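Data first, discussion second: the structure below is written as C-alpha cells.
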Amino acid sequence: MVQDRQDPKNSSSFLITVYAAGWSQPWRYPENWKCLDRINFAFAIPTPDGHLRPLDGKGSDPAVSEDYARDLIAQAHAHGVKVLISVGGWSYHQIPLEATFAEATENDGKINSLVRDIVTMVEDYDFDGADIDWEYPRKATAAANEKLLTLLKHELKARGKLLTCAVYAGASAKENGCDNLGNPVTDILDGFTPAAIEAVDNVNIMAYDGGDKELHAGYEWTVRGVEAWKSKCPAGKLVLGVPFYGRPRGSYRKLLEAEPKAKLCDTCLVGSSMAYYNGPDTIARKTRFAMEQGLGGMMAWEMSEDAPGEDSLLYQMAKTCGKI
C-alpha cells in the first residue's frame with residue numbers, strides 16, 4: 001500500500017485529490033504527479049441486487065476501461081500516489097443511481113454482497129481503498145448508508161485500505177434551500193449519521209453544480225457548504241471539491257484553448273454563450289480558505305479537464321498549499 005505523502009511545508013498533511021474518469025483520455029500531464037496525493041477512479045457501478053458491474057468497458061456508459069484502471073494504478077504507485085475506486089456517480093445509462101443505491105442497500109443481505117464486491121475489486125486491482133459516491137443518501141436512507149459505510153470500514157481497515165465518500169455541497173445555491181432537483185438540502189445532510197461520518201477517512205464535498213451560470217461553484221456558496229458540513233464532521237476529515245470545468249459547458253482546458261484570457265477570470269465567452277467556472281485566482285482563494293478552516297485538503301472533478309503546465313488548476317492548488 002502506498003503511504004500518503006507528508007507535505008514538508010504543512011504539518012497537517014493537506015491532501016490533494018482528483019477524480020479520474022475511466023472514459024476520459026489517459027493521464028495527460030506527467031508533471032502533475034508531484035501535485036497529487038490521491039486519485040479517485042470513476043466509476044464502478046452498483047446494481048439493484050447488491051453487486052458491482054465489472055470494469056470491463058462493456059456495460060458502462062460511457063465505457064470504463066479496465067486497462068486504463070490498471071495502467072493508472074501502476075503509474076500512480078510509481079509516483080507515490082494512492083488510487084481509490086469510486087463507486088456510483090450521478091447516473092448510469094442516463095438514469096440517476098440514487099434509486100439503485102437505495103435498492104442495493106435495502107437489506108443486510110444486499111449490503112453484505114455489495115461490500116464483498118467492493119472489497120474484491122479493491123484487492124483484485126490493488127486499489128488503495130474505495131470512495132462511495134452515492135448521490136445522495138437522504139434521511140430515509142440514512143440507516144442503510146450507515147450500515148454500508150460501517151461494514152466497509154471494518155473490511156477495508158482490516159486490509160490497510162482507505163474509505164472516503166463524496167457528498168453534496170451542504171448548502172443551497174438557491175434561495176429556496178433546495179438542490180437542483182428541488183430536494184431540501186437539509187434532507188441530504190441528514191443522510192449521514194454520526195456513525196457514517198465516523199466510518200470514513202475523508203468526506204469529499206462536491207462544491208460544484210450548484211446551479212447554472214454564477215451558481216455553478218461560487219465562492220460564497222462554497223463557504224456556506226463548508227460551514228454546514230463542519231457542523232456535522234470534524235474539519236480535518238473534510239476535503240473541499242472544486243470543478244475543472246465550466247457551466248453550461250466546457251472543460252477548463254478547452255475554455256483556455258478557445259480564449260487564453262480565460263485564466264484571468266471566472267467567465268469566458270465561448271461562441272455565443274458564456275461559460276462560468278473557477279479560474280486560477282478562485283482556485284487559489286478556495287485553497288487558502290480550506291487551509292484556514294483546518295480542512296483535510298482539496299479535491300477536483302475531473303483531471304482530464306485541466307490545462308497543462310502553469311496554467312493547470314491542479315498546479316495552482318498545489319502551489320497555494322505549499323506542496324510544490
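Residues: numbered from 1 along the sequence shown. On a predicted model such as this, the values are computed, not experimentally measured, just so you know.
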Between Ile132 and Thr164, does a side-chain contact (heavy atoms from CB on, under 4.5 Å) hold up when you go through it step by step? CA-CA 6 Å; Ile132 304 304; Thr164 66; over 6 Å; no

Please tell me whether Met299 and Tyr219 are part of a single hydrophobic cluster in this structure, the criterion being side-chain heavy atoms less than 4.5 Å apart. yes

Apply the test side-chain contact (heavy atoms from CB on, under 4.5 Å) to residues Lys153 and Glu198: give CA-CA distance (whole Å), side-chain angles for both, the deciding distance (0.1 Å), then the verdict. CA-CA 9 Å; Lys153 172 191 177 182; Glu198 171 64 25; 3.9 Å; yes

Check this for me: [X], atom [atom1], are more than 12 non-hydrogen atoms of other residues, nucleotides or ligands nearer than 6.0 Å?
X      : atom1 : result
Lys263 : NZ    : no
Glu123 : CD    : yes
Lys110 : NZ    : yes

Working to the nearest 0.5 angstrom, can you tell me the gap between [X] [atom1] and [Y] [atom2]?
X      : Y      : atom1 : atom2 : value
Leu295 : Cys321 : CG    : SG    : 12.5 Å
Glu302 : Asn40  : CD    : CG    : 11.5 Å
Glu106 : Ile111 : CD    : CD1   : 9.5 Å
Cys165 : Ile197 : SG    : CD1   : 7.5 Å
Ile283 : Tyr315 : CD1   : OH    : 15.0 Å
Thr17  : Met317 : OG1   : CE    : 9.5 Å

Is [X] salt-bridged to [Y], cutoff N-O under 4.0 Å?
X      : Y      : value
Lys147 : Asp108 : yes
Glu292 : Arg288 : no
Lys254 : Glu305 : no
Asp209 : Arg247 : yes
Glu155 : Arg159 : yes

Could you walk me through whether Lys230 and Leu238 pass the side-chain contact (heavy atoms from CB on, under 4.5 Å) check? CA-CA 8 Å; Lys230 281 181 69 176; Leu238 296 173; 3.7 Å; yes

With Lys286, the side chain to side chain donor-acceptor pair (under 3.5 Å) member among Thr320, Asp281, Thr222: Thr222

Is it true that Tyr208 and Trp90 have ring centroids separated by less than 6.0 Å? no

Aromatic centroids of Tyr245 and His216 separated by under 6.0 Å: yes

Taking all heavy atoms of [X] and all of [Y], pick out the closest pair and write down the distance.
X      : Y      : value
Leu15  : Asp37  : CA-OD2, 3.4 Å
Leu189 : Lys232 : O-CE, 3.0 Å
Leu255 : Cys268 : O-SG, 4.2 Å
Tyr68  : Ala21  : CE2-O, 3.5 Å

Between Tyr168 and Trp221, how do the two ring planes meet: parallel, tilted or perpendicular, split at 30° and 60°? perpendicular

Assign the ring pair Trp229 / Phe192 to parallel, tilted or perpendicular, where the plane angle (0 to 90°) is split at 30° and 60°. perpendicular

Given the ring of Phe244, does Arg253 sit roughly above its face, with NZ or CZ under 6.0 Å from the centre of the six-membered ring and within 45° of the axis? no

Identified side-chain contact (heavy atoms from CB on, under 4.5 Å) counterpart of Leu163 within the set Asp201, Leu84, Asp131: Asp201

Indicate whether any N or O donor in one side chain lies under 3.5 Å from an N or O acceptor in the other, for Tyr125 and Glu66. yes

Under the criterion side-chain contact (heavy atoms from CB on, under 4.5 Å), I'd like the reasoning laid out for Asp128 against His77: C-alpha separation, chi angles, the key distance, then a yes or no. CA-CA 10 Å; Asp128 297 289; His77 286 178; 2.7 Å; yes

Please test Asn145 against Arg138 for side-chain hydrogen bond (donor to acceptor under 3.5 Å, both in side chains), starting from the C-alpha separation and ending with a verdict. CA-CA 9 Å; Asn145 183 46; Arg138 304 177 190 275; over 6 Å; no

